[in-house]
Enquirer: 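Once you've had a glance at the structure underneath, I'll fire off some questions.
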Amino acid sequence: MTTLQTARPQQKFRGKNKAPKWTKPDDGMVSVMVLPLAVTDPADLARLEKLFGAMWSIKRAVQRDARAKVDAYWSAKHERDTHSAKDVRQRLSLSREALERCAYKHLEAAGHLKHHASKALSMHMADEVWNGVQRHLFADATGNRHGRPRVGRRHGFTRIPGRARSHTTANKWETFRLVGTFRGHLMAYTSGGKHDLMQPRRMPKPTRPNGKVPTGKGTRKANWWDHAGPLAVVFAGGPDGKRGDLVLPVRIPQSPAQENRVRHFLETDARWHKVDLVRRRKASAPGGWAYEAHLTVLGPGYTSPAVRQVRQQAAELDRIGGVDGNVSNLSVVSFPASLEASAGAAKSSEIVLTDDERTRLEKEAKKRRGRARALERSRRATNTTQYVLSRRQTARAERRAAKGLTPKAVIVPGGARAAQADGVPKQPFRRDRLSAGHRELRARQAEASASTAEYRRHRARAVARDIVAAHGPRLTVEDCDIRTWYRLWGRRLAQTTPGMLIGALEIECEAAGGRLVRASTWSTALSQHCMCGERVAKTLRDREHKCIACGLVGKRDLVSAALAAFVDLSNPDDPKTATLDTARSRHAQIIFAQGLKEALRESTTPCQNTPRGAGRVAVPAQRVASAHRTAERRDRATPDEPRPVRDHAGAPGTRPARSPQLTLW
């Protein structure tokens, strides 16, 4: 008897040849490396400027189409209620594919654009516009939507997104591609390994390989895929371009300290995923722009062995801690997780601005004010008809007229902007004529701002790494609304950057295997409680904690940070579920006793930012000077922080963390 076996139907997959869909390795993790481009040829500079101008024209046209469609979508309220929102979007062609077709039409309609831009670049520019439209049409997890798509200015257009290479088809890049090898780059600029890496200011452009390349079935013409020399970014140009490939040499970091990082990104070319072309303002560069290639690499970024060792040691710390973010400092207090004296002592840290940092900030602020005055003076001198004379200039003109003298020509009018009766300027600022010096000064101001922002990010990462190394990666912080602080203290927050510090601390905790959780201020009220569980009411001007029940005296911020270590959350993702475990905090107060009192008075751990004495508190501008941080009260009250506008930390009501009165005293 013969048994017939039924053949299983072959599972079908999408794509060519029914192959399974390609997915990014390492759970989709990618990293980016910035590669400066050595563009010194005037012809290449002109071609890059025209490329950015063409892509800006396409983006502006697609943005205007998307804005009109969005307005029509929101106007059709009756149709959305009668049918569905999806039907309205389909009728208005409000989708990713529709915007891509709009970009194709604009590219075809303007014939000159095809000399510079390609269809693939237009498609990805339309996809970028759709991402903004999508954030406006559909609410996020918190129920918020972004604003309407807005057409920006050409001066702010600095990035052309490239298309990712194919990892299933060999030798397939459709936009910007990175050619060459890391080994070939080293061999070219080290003379075959005879000396250290030295790249000249004017780097030569690699040439496209010529001749024939043998294959398994014969030979083929050599192309850029056969180039094994120095690294370069190549763009073939538009479909009607007649100037050949645009070749931009790449300049890699040549410091010996950067060698391992560069090898991590560039040594394995199979991990290269996408190249975006970016420009940034640089007044000293030819044309006023410096060009960069942002290389997206599959996999995690580079972490030095020293940082990995620090994070590994931090992950092994069995400690719990709390963080109190403030306008002028960041306070951290941690305890052993077992709450046993033999497991360690209570530690505290205060992050404030040092004397050197304050001096540097004052110098930068002075330079920034000088640039602002110079920019305003240049604008007034170039557009004299748009400003009126000041009172002093008017009085001088009247005195000269009364004496019969000829009127003096005013080069820089010092009065207000010429406006209509309703206060609206007669001419918009965007229509003012700007001199070459004004544009150069504006570029230098943008450079200084970018440098300052990068320094703040670097400082936040370094401080977060020091905090996690000392207190461990399991920390708790109050869920505060930084926007409320900005309404009170304004630009003072730009000096201490508490939000940036907390954000960097959250990233560092996750990198070390822990987590920074956020607790509601309404359900915990950490600043209004003591370690013993007693409620100690304080206003913002009270910077010192004094408990009449247990006698604990310490800095208000350090006490709040110590209490944050004993906050429990039933759902770590929801700050509203936070409650304060006063029994554990009281137990820690008894166990650590004298050591805890010292930790709540001064920092007990060395930190990158050593406090200057007791530090100073940041307050709104007032006639009376601020008191020292350790002062009990100020002569003039600091306004209390208003309730948050958004319901990010729970609604006011009963606080389950309130503890009963102590019966031990």
Enquirer: Backbone N or O of T579 within a donor-acceptor pair of the S523 side chain at under 3.5 Å?
Expert: no

Enquirer: How many angstroms lie between OG1 in T496 and CD1 in I351, if you round to the nearest 0.5 Å?
Expert: 12.0 Å

Enquirer: Report the C-alpha separation of L277 and L48 in whole Å, then their side-chain angles, then the decisive distance to 0.1 Å, and conclude whether the side chain to side chain contact (heavy atoms under 4.5 Å, CB included) test is met.
Expert: CA-CA 10 Å; L277 193 61; L48 281 174; 3.8 Å; yes

Enquirer: Is there a donor-acceptor pair closer than 3.5 Å between any side-chain N or O of N223 and the backbone N or O of W225?
Expert: yes

Enquirer: Is C480 close to T521 at the side-chain level, that is, under 4.5 Å between some pair of heavy atoms?
Expert: yes

Enquirer: Check whether more than 12 heavy atoms from other residues, nucleotides or ligands sit under 6.0 Å from atom CD of Q90, and answer yes or no.
Expert: no

Enquirer: Quick check: do L231 and L266 have side-chain heavy atoms less than 4.5 Å from each other?
Expert: yes

Enquirer: With rounding to the nearest 0.5 Å, note down the distance linking CG in D127 to CD in Q134.
Expert: 10.5 Å

Enquirer: Please name all residues satisfying ring-ring contact (aromatic ring centres under 6.0 Å, His included) with H294, sequence neighbours left out, ordered by chain then number.
Expert: none

Enquirer: Can you tell me how far apart CZ (R474) and CG (D318) are? Round to the nearest 0.5 Å.
Expert: 6.0 Å

Enquirer: Would you say the side-chain atoms of H124 and T175 include a donor-acceptor pair closer than 3.5 Å?
Expert: no

Enquirer: If you compare all heavy atoms of E350 against all heavy atoms of S603, which two are closest, and at what distance to 0.1 Å?
Expert: N-OG, 3.7 Å

Enquirer: Apply side chain to side chain contact (heavy atoms under 4.5 Å, CB included) to residues R145 and F138 and explain how you reach the verdict.
Expert: CA-CA 7 Å; R145 291 189 179 93; F138 309 105; 5.9 Å; no

Enquirer: Please check if the side chain of H227 supplies one atom and the backbone of P230 the other of a donor-acceptor pair under 3.5 Å.
Expert: yes

Enquirer: Answer yes or no: is there a donor N or O on one side and an acceptor on the other, between the side chain of T497 and the main chain of M500, under 3.5 Å?
Expert: no

Enquirer: Can you name the nearest heavy-atom pair linking A232 to V250, along with the distance?
Expert: CA-CG2, 3.8 Å

Enquirer: Indicate the atoms forming the closest heavy-atom contact of L493 with P498, along with that distance.
Expert: CD2-CG, 3.6 Å

Enquirer: State plainly whether the residues E128 and R159 are in salt-bridge range, i.e. N to O under 4.0 Å.
Expert: yes

Enquirer: Set out, in order, the CA-CA distance, both residues' side-chain angles and the distance that settles side-chain hydrogen bond (donor to acceptor under 3.5 Å, both in side chains) for T215 and R220, then state yes or no.
Expert: CA-CA 7 Å; T215 61; R220 63 172 176 81; over 6 Å; no

Enquirer: Can K59 be said to sit on top of F157's aromatic six-ring, NZ or CZ under 6.0 Å from centre and within 45° of the ring axis?
Expert: no

Enquirer: About how many Å separate CH2 of W272 and CG of L178, when rounded to the nearest 0.5 Å?
Expert: 4.0 Å

Enquirer: Using 30° and 60° as the class boundaries, would you call the ring planes of Y189 and H185 parallel, tilted or perpendicular?
Expert: tilted

Enquirer: Looking at every non-hydrogen atom in both residues, tell me the closest pair between Q199 and Q254 and how far apart they are.
Expert: N-OE1, 3.0 Å

Enquirer: For T303, check side chain to side chain contact (heavy atoms under 4.5 Å, CB included) against everything at least two apart and list the hits.
Expert: V307, R308, R311

Enquirer: Does any non-hydrogen side-chain atom of V133 lie less than 4.5 Å from one of V70?
Expert: yes

Enquirer: Taking C-beta and beyond as the side chain, do W173 and W224 meet within less than 4.5 Å on heavy atoms?
Expert: no

Enquirer: Has the side chain of T452 got a donor or acceptor atom that lies under 3.5 Å from a matching backbone atom of A448?
Expert: yes

Enquirer: With a 4.5 Å limit on heavy-atom distance, are the side chains of L505 and V477 in contact?
Expert: no

Enquirer: Name all residues meeting the salt bridge (Lys or Arg N to Asp or Glu O under 4.0 Å) criterion together with R163; count only those two or more places apart in sequence or in a different chain, and write none if there are none.
Expert: E174

Enquirer: Got a donor-acceptor contact below 3.5 angstrom from the R271 side chain to the H264 backbone?
Expert: yes

Enquirer: Here's one to test your reading of the geometry: is the NZ or CZ of R360 within 45 degrees of the ring axis of Y455 and under 6.0 Å from its centre?
Expert: yes

Enquirer: Dump the intermediate steps for salt bridge (Lys or Arg N to Asp or Glu O under 4.0 Å) on D573 and R518, then the final yes or no.
Expert: CA-CA 8 Å; D573 297 327; R518 300 178 182 269; over 6 Å; no

Enquirer: List the steps, then state whether side chain to side chain contact (heavy atoms under 4.5 Å, CB included) holds for L121 with F176.
Expert: CA-CA 9 Å; L121 285 179; F176 308 110; 3.7 Å; yes

Enquirer: D245 side chain to V247 main-chain N or O, any donor-acceptor pair under 3.5 Å?
Expert: no

Enquirer: Salt-bridged, R67 to D65, with N to O below 4.0 Å?
Expert: no

Enquirer: Between the main-chain N or O of G143 and the side-chain N or O of D140, is there a donor-acceptor pair closer than 3.5 Å?
Expert: yes

Enquirer: Heavy-atom distance under 4.5 Å between the side chains of M198 and T190, does that happen here?
Expert: no

Enquirer: Any non-hydrogen side-chain atom of L51 less than 4.5 Å from a side-chain atom of F235?
Expert: yes

Enquirer: Do other residues, nucleotides or ligands put more than 12 heavy atoms under 6.0 Å from Q312 CD?
Expert: no

Enquirer: Can you check side chain to side chain contact (heavy atoms under 4.5 Å, CB included) on M29 and L298, steps first, answer last?
Expert: CA-CA 7 Å; M29 185 180 300; L298 300 176; over 6 Å; no

Enquirer: Ion pair present between E292 and R280, side-chain N to carboxylate O less than 4.0 angstrom?
Expert: yes

Enquirer: Tell me whether T181 contacts the main-chain N or O of A228 through its side chain, where contact means a donor paired with an acceptor under 3.5 Å.
Expert: yes

Enquirer: In terms of ring plane angle, is the pair H273 and H167 parallel, tilted or perpendicular, where the classes change at 30° and 60°?
Expert: parallel

Enquirer: Are F265 and F182 close enough that their ring centres sit under 6.0 Å apart?
Expert: no

Enquirer: Would you say K576 and D479 make side-chain contact, with heavy atoms under 4.5 Å?
Expert: no

Enquirer: For the NE2 atom of H471 and the CG atom of L475, what is their distance to the nearest 0.5 Å?
Expert: 8.0 Å

Enquirer: Any salt bridge between E97 and R101, counting N to O under 4.0 Å?
Expert: no

Enquirer: Would you indicate whether H458, at its atom NE2, is surrounded by more than 12 heavy atoms from other residues, nucleotides or ligands within a distance under 6.0 Å?
Expert: no

Enquirer: Where is the tightest heavy-atom contact between R261 and M33, given as atom of each residue plus distance?
Expert: NH1-CE, 4.0 Å

Enquirer: Taking the six-membered ring of W289 as reference, does the cationic atom of R281 (NZ for Lys, CZ for Arg) lie under 6.0 Å from its centre and within 45° of its axis?
Expert: yes

Enquirer: Within the distance-only criterion (no hydrogens, no angle test), does the side chain of E357 pair as donor or acceptor with the backbone N or O of T354 below 3.5 angstrom?
Expert: yes

Enquirer: Ignoring hydrogens, what is the shortest heavy-atom contact between P575 and L569? Give both atom names and the distance.
Expert: CA-CD2, 4.2 Å

Enquirer: Once rounded to the nearest 0.5 Å, what's the spacing between atom OG1 of T296 and atom NZ of K24?
Expert: 8.0 Å

